[in-house]
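Sequential numbering from 1 along the given sequence is applied to the chain's residues.
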Amino acid sequence: YYLEGLILHGLARYREAKEKGELAYHLVKHTSNNKRIAQVQLLLGNIFVATGELKIAGEKLQDAIASFRRVEDEKGMAETYNKLAQVFFIQAEFDRAIEALGAASEHAQKVPSGSVMISRISGNLGRIHLLLGEWDKATRHLQESIQQNEPAKNELSVCRNLLSLGYAASQQRNFEEAEGFYRKAYSLIQKLELKRELAIYYEYQAEMALDKKDIDVANQNVSQA
């Protein structure tokens with residue numbers, strides 16, 4: 001049931017995934033298999049995040065953290081804190097999101113193969129500080145994420161972080177620096193044929209053109225976006 005739930009969640013068939021996850025939880029909840037309990041709770045938390053039921057999602061994720069802690073599963077705790085941060089982020093509780101990501105990073109550092117996870121956490125921290133207008137903190141976390149993602153050839157994350165760095169530079173009116181980041185991001189967008197990131201690229205270019213009073217360029221880019 002748990003594995004079926006994972007597959008259905010991956011296919012975005014959330015109602016069916018929830019049914020399988022709840023069946024799995026019913027079978028495992030009175031056992032001493034805390035790791036499996038935690039995995040099922042995390043699955044249910046992910047499903048409720050996907051369906052926008054954030055209160056229940058937060059409860060499931062907190063339960064999963066407690067279950068992972070019982071078996072000292074650092075990787076499980078890191079993944080779950082990272083997901084809990086997303087719940088807080090969606091609710092614009094940025095301080096709580098930063099706190100959850102800090103906990104996620106602390107646990108991820110104890111995992112032998114945790115570098116990919118740490119890079120993802122750094123990127124998430126960067127985007128929160130970006131929204132808060134804390135440019136120096138945002139830039140530091142985004143640069144850290146790129147440094148960790150480049151050796152792993154995680155080009156999608158690198159691309160997203162470059163876009164965010166460009167936005168941070170543009171907001172500080174460092175337009176030449178912003179253009180450099182955007183050029184690198186656009187190269188990866190073309191290489192990987194990314195549609196969502198292409199829309200973000202044009203949106204950010206439009207905003208920068210508007211700040212430079214290039215109204216025609218801003219209009220062209222926003223139309224493309």
Could you measure the distance from the [atom1] atom of [X] to the [atom2] atom of [Y]? Nearest 0.5 Å is fine.
| X | Y | atom1 | atom2 | value |
| --- | --- | --- | --- | --- |
| Gln41 | Gln62 | CD | CD | 11.0 Å |
| Ile98 | Phe89 | CD1 | CZ | 10.5 Å |
| Ile118 | Asn82 | CD1 | CG | 11.5 Å |
| Arg160 | Ser145 | CZ | OG | 11.0 Å |
| Arg96 | Ile128 | CZ | CD1 | 13.0 Å |
| Lys110 | Ser105 | NZ | OG | 11.0 Å |

I need the minimum non-hydrogen distance between [X] and [Y], along with the two atoms involved.
| X | Y | result |
| --- | --- | --- |
| Gly21 | Val40 | O-CG1, 3.4 Å |
| Thr31 | Val28 | OG1-O, 2.7 Å |
| Ser122 | Gln148 | OG-OE1, 3.8 Å |
| His9 | Ile47 | CD2-CG1, 3.8 Å |
| Ala178 | Gly166 | CB-O, 3.3 Å |
| Ala138 | Gly126 | CB-O, 3.4 Å |

(request) Side-chain contact test, heavy atoms from C-beta onward, threshold under 4.5 Å: evaluate it for Tyr2 versus Leu23 and give yes or no. (result)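 No, too far: nothing below the 4.5 Å cut-off.
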(request) Would you indicate whether the side-chain heavy atoms of Leu8 and Tyr14 approach each other to under 4.5 Å? (result)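 No - every pair of side-chain heavy atoms lies 4.5 Å or more apart.
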(request) Answer yes or no: is there a donor N or O on one side and an acceptor on the other, between the side chain of Arg120 and the main chain of Ser157, under 3.5 Å? (result)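 The answer is no, because no donor-acceptor pair under 3.5 Å joins these two groups.
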(request) Look only at the side chain of Asp73 and the backbone of Gly76, and say whether a donor-acceptor pair between them is shorter than 3.5 Å. (result) yes
With a 3.5 Å cut-off and no angle check, do the side chains of [X] and [Y] form a donor-acceptor pair?
| X | Y | value |
| --- | --- | --- |
| Gln143 | Arg140 | no |
| Gln205 | Tyr201 | yes |
| Glu207 | Ser170 | no |
| Glu74 | Gln109 | no |

Would you indicate whether [X], at its atom [atom1], is surrounded by more than 12 heavy atoms from other residues, nucleotides or ligands within a distance under 6.0 Å?
| X | atom1 | answer |
| --- | --- | --- |
| Glu16 | CD | yes |
| Gln190 | CD | yes |
| Glu150 | CD | yes |
| Tyr1 | OH | no |

(message) Is the ring pair His107/Tyr81 parallel, tilted or perpendicular, if the boundaries are 30 and 60 degrees?
(response)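 The arrangement is parallel - the two ring planes meet at less than 30°.
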(message) Can you tell whether the side chains of Glu19 and Arg15 come within less than 4.0 Å, N to carboxylate O?
(response) yes
(message) Under 4.0 Å between a side-chain nitrogen and a carboxylate oxygen: does that hold for Glu79 and Lys75?
(response) yes
(message) Test side-chain contact (heavy atoms from CB on, under 4.5 Å) on Asp63 and Leu44; report intermediate values, then the result.
(response) CA-CA 11 Å; Asp63 289 343; Leu44 287 168; over 6 Å; no
Cluster question for you: counting only ILVMFWY and a side-chain heavy-atom cut-off of under 4.5 Å, with indirect links fine, are [X] and [Y] together?
| X | Y | result |
| --- | --- | --- |
| Ile146 | Phe181 | yes |
| Leu163 | Tyr167 | yes |
| Ile200 | Leu162 | no |
| Leu198 | Met208 | yes |
| Val116 | Ile121 | no |

(request) Go through Leu194 and Leu156 one step at a time and tell me if the side-chain contact (heavy atoms from CB on, under 4.5 Å) criterion holds. (result) CA-CA 9 Å; Leu194 302 171; Leu156 175 57; 3.8 Å; yes
(request) Name all residues meeting the side-chain contact (heavy atoms from CB on, under 4.5 Å) criterion together with Gln91; count only those two or more places apart in sequence or in a different chain, and write none if there are none. (result) Leu54, Val87, Phe88, Glu93
(message) Using the rule given for side-chain contact (heavy atoms from CB on, under 4.5 Å), can you reason through Tyr202 versus Val222, listing the C-alpha separation, both sets of side-chain angles and the distance that settles it, and then say yes or no?
(response) CA-CA 6 Å; Tyr202 281 121; Val222 86; over 6 Å; no
(message) Would Leu131 and Arg127 count as a side-chain contact (heavy atoms from CB on, under 4.5 Å) here? Give the steps.
(response) CA-CA 6 Å; Leu131 282 174; Arg127 272 173 275 286; over 6 Å; no
(message) Suppose we screen for ring pair (Phe, Tyr, Trp, His ring centres under 6.0 Å). Which residues come up paired with Phe48, at least two apart in sequence or across chains?
(response)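 Listed in chain order: nothing, the list is empty.
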